[in-house]
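These notes concern the structure reproduced below.
Note that the structure is predicted; figures quoted are calculated from it, not measured. Throughout, numbering of the chain's residues begins at 1 and tracks the sequence.
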Amino acid sequence: MFVISKLVWIFAQPLSLAFFLVFLALLAGLLRWRILSILGAAGSALILFVTLYTTAGNFLMQGLEQRFAKPPADPDNLQCMIVLGGGFENEVNTARHGIEFNAGADRFVEALRLAQKFPQSRILVSGGDGSLSGIYEGDAAASERFFPLFGVGKDRLIEERQSRTTFENAVNTKEFLASQGLSNCLLITSGFHMPRSVGIFRKLGIDIVPWPTDYRTDGQVRLGFDFTQPTLNAQNMATAIREWYGLVGYYLAGRTSELYPQ
């Protein structure tokens, strides 16, 4: 299932689909299938235009981010938090043995803030190597170097290093929580990733409090044209589409009981 999901995403993301349609158009042109060639070229151009020069990706991202609002204030007391991996540049860290973050760094910045405010809390970091090769360290391993730099002792960390997917995050986390006698933890992950994550945790009967972070939109996006930031538009479109693939796929596979949890 893991390998299949990775391969599907390689070929099904927006820019890959646009390339496939260009290839189809060229092939159809060589075979003199004029209508198919025109349709392929037009489809590719449409995908590229919507992805690069509209707010469609940001609008989809905003919808995901708004499903679960962060509570207006910190809890009065905090026993534990679950941080889902996805914040470290694992390939770079494996090679350079450092602490390099990607766009999801807020997951760990927020966990650090809460850990310093609630010194009695435990931190379960769930994240192994999610690559096809399986040769890189995961977020859980990198967190062992990160948190102690800011005064959070290793004794407070619970490292779950095997997960490659969100579903495995939840399954493996459930076992760790049971072994440590922990419950009702904050679930810290990116806002766009929260609906799918909550759906899986609910399905497995894990009591959590959604604590979204790493927002990519300002919450005021409207559908329209945007010629100012095509690279960012494409990135957010790809992220939102991937998340929707996950929502639909997990729902059809019975891994969540709701298509679009809220």
Same apolar cluster (I L V M F W Y, side chains within < 4.5 Å links), L24/L15: no

Non-hydrogen side-chain atoms of F49 and T54 separated by less than 4.5 Å: yes

Between R222 and T55: side-chain donor-acceptor atoms closer than 3.5 Å: no

Side chain to side chain contact (heavy atoms under 4.5 Å, CB included) between L124 and Q180, intermediate numbers included: CA-CA 10 Å; L124 193 161; Q180 297 289 326; over 6 Å; no

Main-chain N/O of D218 paired with Q62 side-chain donor or acceptor, under 3.5 Å: no

Set of residues satisfying salt bridge (charged side-chain N to carboxylate O under 4.0 Å, His left out) with respect to R196, sequence neighbours excluded: E243

Over 12 non-hydrogen atoms of neighbours within 6.0 angstrom of CG in L31: yes

Side-chain (D207) to main-chain (S183) donor-acceptor, under 3.5 angstrom: no

Salt-bridge present (D139, R107; N to O < 4.0 Å): no

Sidechain-backbone polar pair: S163 side chain, N169 backbone, donor-acceptor under 3.5 Å: yes

Cluster link F101 to V109, ILVMFWY, side chain under 4.5 Å: no

Side chain proximity check, L247 to L64, heavy atoms < 4.5 angstrom: yes

Test item: T239 side-chain N/O and Q235 main-chain N/O as donor-acceptor pair under 3.5 Å: yes

Check: M61 and V221 side chains under 4.5 Å, non-hydrogen atoms: no

Close side-chain approach of L187 and I82, heavy atoms under 4.5 Å: yes

Close side-chain approach of S121 and L114, heavy atoms under 4.5 Å: no

Side chains of V83 and S143 in contact at under 4.5 Å (non-hydrogen atoms): no

Basic-acidic side-chain contact under 4.0 Å: E137, R145: yes

F19 and F23 aromatic ring geometry - parallel, tilted or perpendicular at 30°/60° bounds: parallel

Exceeds 12 heavy-atom contacts within 6.0 angstrom, atom OH of Y215: yes

Expected output: side-chain D129 to main-chain G138 donor-acceptor under 3.5 Å: no

Within 6.0 angstrom of K154 NZ, more than 12 heavy atoms from elsewhere: no

Selection residues 43-147 - residue pairs positive for disulfide (SG to SG under 2.5 Å), sequence neighbours left out: C80-C185

R67 vs E258, salt bridge (charged side-chain N to carboxylate O under 4.0 Å, His left out): CA-CA, chis, key distance, verdict: CA-CA 13 Å; R67 295 298 281 183; E258 303 170 88; over 6 Å; no

More than 12 heavy atoms of other groups within 6.0 Å of L223 CG: yes

Under 3.5 Å donor-acceptor, T94 side chain and N90 backbone: yes

Side-chain donor/acceptor of E160 to backbone N/O of Q162, under 3.5 Å: yes

CZ/F225: more than 12 non-hydrogen atoms of other groups inside 6.0 Å: no

T213, D106, D214 screened by side chain to side chain donor-acceptor pair (under 3.5 Å) with S190, the one that passes: D214

Passing option when Y260 is tested against Y251, Y250, W244 for ring-ring contact (aromatic ring centres under 6.0 Å, His included): W244

Main-chain N/O of F150 paired to Q116 side chain as donor or acceptor, under 3.5 Å: yes

Any donor-acceptor pair under 3.5 Å from N58 side chain to N236 backbone: no

W211 vs P75 side-chain heavy atoms within contact, under 4.5 Å: yes

Greater than 12 external heavy atoms within 6.0 Å of W33's CH2: no

Residue pair T256, R202: steps toward the side-chain hydrogen bond (donor to acceptor under 3.5 Å, both in side chains) verdict: CA-CA 8 Å; T256 64; R202 284 177 178 171; over 6 Å; no

Backbone of G191 reached by a side-chain donor or acceptor of K70 within 3.5 Å: no

Sequence neighbours excluded, every pair satisfying ring-ring contact (aromatic ring centres under 6.0 Å, His included) that has a member inside residues 158-204: none

